[in-house]
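Computed from heavy atoms alone, side chains included, the values below leave out hydrogens, waters and symmetry copies. Because the structure is predicted, anything quoted here is derived from the model rather than measured. Here, residue 1 is the first one in the sequence, and each next residue gets the next number.
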Amino acid sequence: MTSQDALPATGGIRLGLRANLAQFSLLVVVNALVGGMLGQERTVLPLLAEDVFQLSAYTAALTYILAFGATKAVTNFFAGAWSDRFGRRPVLIAGWLIALPVPAMLAWGPSWGWIIAANILLGVNQGLTWSTTVIMKIDLVGPERRGLAMGFNEAAGYLAVAATAMATGAIAQHAGLRPAPFLLGAAYLVLALGLSAFAVRETRGHARYEAARHPVDTTTELTTGQIARLTSLTDRSLSAASQAGLVNNLNDALAWGIFPLLFAAHGLPIAQIGILAALYPAVWGAGQMLTGWWSDHIGRKHLITAGMLLQAAAIGLVAAGSAFGVWAAAQVLLGIGTALVYPTLLAVIGDVAHPAWRARAVGVYRLWRDGGFAVGALLAGALADAYGLTAAIWAIAALTAASGLVVAVRMYETHPRA
């Protein structure tokens with residue numbers, strides 16, 4: 001075993017991917033189920049808003065994304081702090097318990113208010129469970145393999161989003177928009193709660209072990225407020241990562257809420273919309289297994305810059321297109337661009353943050369990143385209502401390009417090898 005695979009053991013604790021492969025793999029499975037809970041909505045809910053609840057205004061139709069994104073963003077912040085205070089595993093289990101009513105509310109909720117309430121609970125679930133699986137993997141692998149670890153984590157989550165979006169689209173095509181597609185989410189929930197309660201082990205000791213190996217300096221005693229300022233504003237790389245994460249998930253809100261409506265307006269059947277809804281997160285998910293590893297070898301900054309600019313180009317292609325083939329190509333490009341960015345941004349946070357406050361820094365970053373869902377729902381919905389779907393998509397493309405330029409100018413390289 002090389003020095004890159006594990007750090008020496010103390011009290012039975014070893015850092016490294018190989019040394020913790022069983023628990024790491026289990027957490028990959030758990031995060032796939034986290035992604036599946038989100039994927040059950042990707043194809044069906046935008047169509048449900050129009051066809052079942054007759055919501056004609058785009059802003060109103062996207063309220064579920066606003067509710068989800070705002071709740072998840074705030075929960076991410078607390079998930080980091082609670083993980084440091086109470087441990088990672090209790091927070092993970094709590095996230096699954098909170099989600100227990102969600103599939104039934106989506107499947108049988110009698111009004112749009114029930115759908116919004118379900119997405120508030122889903123936002124809490126995603127904030128607690130996805131944040132803790134990220135933090136636990138960073139704990140286990142140590143400093144050498146963070147990019148690879150985040151690649152596996154995010155790949156599992158978003159491949160599950162893609163597979164579930166395609167599956168629910170096919171189910172809805174044959175069995176209707178409700179309740180059948182959401183029974184898949186119920187199965188995911190039961191399995192994930194069982195694994196988290198009975199198989200996942202606590203990893204906070206690994207973070208404490210790594211922290212003990214770091215030189216003692218003034219940054220180890222930062223308050224949560226100081227960490228929030230550092231991550232949001234004062235550190236050039238942390239703040240550049242935070243704004244890029246926000247814009248990235250703003251784009252995801254656009255793909256989730258606006259793209260299916262654009263495709264439906266051009267007459268695509270539900271099954272084809274499901275394929276397009278799945279293609280973007282599928283490429284995104286699979287690509288992260290390469291891009292996370294790649295960032296460990298060539299550095300973070302240039303991958304993030306290129307990824308944001310490629311996303312901008314792909315969104316512009318969606319706006320310019322009018323046929324399934326063009327949109328499919330655009331979804332592939334959007335997935336590649338997001339894959340370049342998503343695990344790499346998390347690796348930046350892991351590079352810069354001291355292990356003593358890394359979980360809280362991850363929480364602050366994810367507060368900004370998942371706040372992009374709420375900002376995207378409001379911005380894309382308002383622009384679509386005022387100027388139409390195509391104009392809204394072009395505006396988001398321009399914003400994404402600007403975000404990539406901010407990274408190019410502001411971020412410094414954070415990987416020590418690079």
Side-chain angles (χ1 to χ4, degrees), residues 2 4-6 15-21 23-32 34-35 130-162 203 206 210 237-238 240-242 244-245 248-249 251-252 280-308 310-311 332-353 358-359 361-362 365-366 369-370 404 407 411 413-418:
T2 69
Q4 292 180 349
D5 295 320
L15 300 183
L17 181 55
R18 292 183 187 176
N20 296 285
L21 186 59
Q23 275 293 301
F24 185 91
S25 301
L26 177 60
L27 288 167
V28 168
V29 173
V30 171
N31 203 57
V34 178
W130 208 309
S131 290
T132 48
T133 59
V134 166
I135 293 165
M136 293 171 91
K137 288 188 184 70
I138 291 176
D139 289 344
L140 292 172
V141 301
E144 291 292 339
R145 302 293 190 193
R146 285 197 185 109
L148 179 64
M150 291 304 92
F152 275 112
N153 187 79
E154 302 304 296
Y158 283 97
L159 283 172
V161 169
T203 66
H206 291 73
E210 186 185 348
S237 280
L238 293 179
S242 294
N248 183 91
N249 276 20
N251 294 343
D252 196 24
Y280 154 53
V283 175
W284 169 3
Q288 290 175 110
M289 289 185 284
L290 171 63
T291 57
W293 168 86
W294 197 13
S295 78
D296 284 338
H297 289 78
I298 70 167
R300 323 296 193 194
K301 175 178 176 176
H302 296 310
L303 292 183
I304 296 168
T305 302
M308 296 304 293
L310 184 57
Q311 286 185 54
V332 170
L333 292 176
L334 185 59
I336 295 171
T338 309
L340 289 169
V341 166
Y342 220 69
T344 317
L345 289 171
L346 279 167
V348 167
I349 307 301
D351 292 341
V352 177
R358 186 170 58 211
V362 169
Y365 162 71
R366 287 171 62 85
R369 193 194 68 186
D370 291 327
V407 172
M411 181 177 283
E413 181 53 61
T414 65
H415 193 278
R417 187 181 303 172

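- With hydrogens and angles left out, the side-chain atoms of R300 and T344 include no donor and acceptor closer than 3.5 Å.
- Note that CD of E210 is 8.0 Å distant from CG of D139, once rounded to the nearest 0.5 Å.
- Between the side chain of Q288 and the backbone N or O of W284, at least one donor-acceptor pair lies under 3.5 Å.
- The shortest heavy-atom contact between A359 and I135 is CB-CD1, 4.0 Å.
- Nearest heavy-atom pair, A244 versus V407, reported as atom, atom and distance to 0.1 Å: CB-CG2, 3.9 Å.
- Atom-to-atom distance recorded for H302:NE2 and E413:CD is 7.0 Å, nearest 0.5 angstrom.
- Atom CG of L15 and atom CD1 of I138 lie 12.5 Å apart (nearest 0.5 Å).
- A donor-acceptor distance shorter than 3.5 angstrom exists from the side chain of K301 to the backbone of M411, with no hydrogens or angles considered.
- With contacts defined as side-chain heavy-atom distances shorter than 4.5 Å, the pair N251/T338 does not qualify.
- Side chain of N20 to backbone of L140: a donor-acceptor contact under 3.5 angstrom is found.
- Nearest heavy-atom pair across A282 and A162 is N-CB, 3.3 Å.
- Between the side chain of N153 and the main chain of N31, no donor-acceptor pair closer than 3.5 Å is present.
- The two atoms that bring G404 and M308 nearest to each other are CA-CB, 3.5 Å, heavy atoms only.
- For the pair A155 and M289, the tightest heavy-atom approach, listed with the atom from each and the gap, is CB-CG, 3.6 Å.
- Here the side chain of T291 pairs a donor or acceptor atom with the backbone of A339 at under 3.5 angstrom.
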task: Start with the C-alpha distance between T203 and K137, add both sets of side-chain angles, then the distance that settles side chain to side chain contact (heavy atoms under 4.5 Å, CB included), and finish with yes or no.
output: CA-CA 8 Å; T203 66; K137 288 188 184 70; over 6 Å; no
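- In this structure, the separation between OH on Y342 and OH on Y158 is 3.0 Å, given to the nearest 0.5 Å.
- Looking only at side-chain heavy atoms (C-beta outward), V141 and L148 stay at 4.5 Å or farther from each other.
- One finds the CG atom of L290 at 8.5 Å from the CG atom of L340 (value rounded to the nearest 0.5 Å).
- For the residue pair I349 and L238, the shortest heavy atom distance occurs at CD1-CD2, 3.6 Å.
- One finds the CH2 atom of W293 at 9.0 Å from the CD1 atom of I298 (value rounded to the nearest 0.5 Å).
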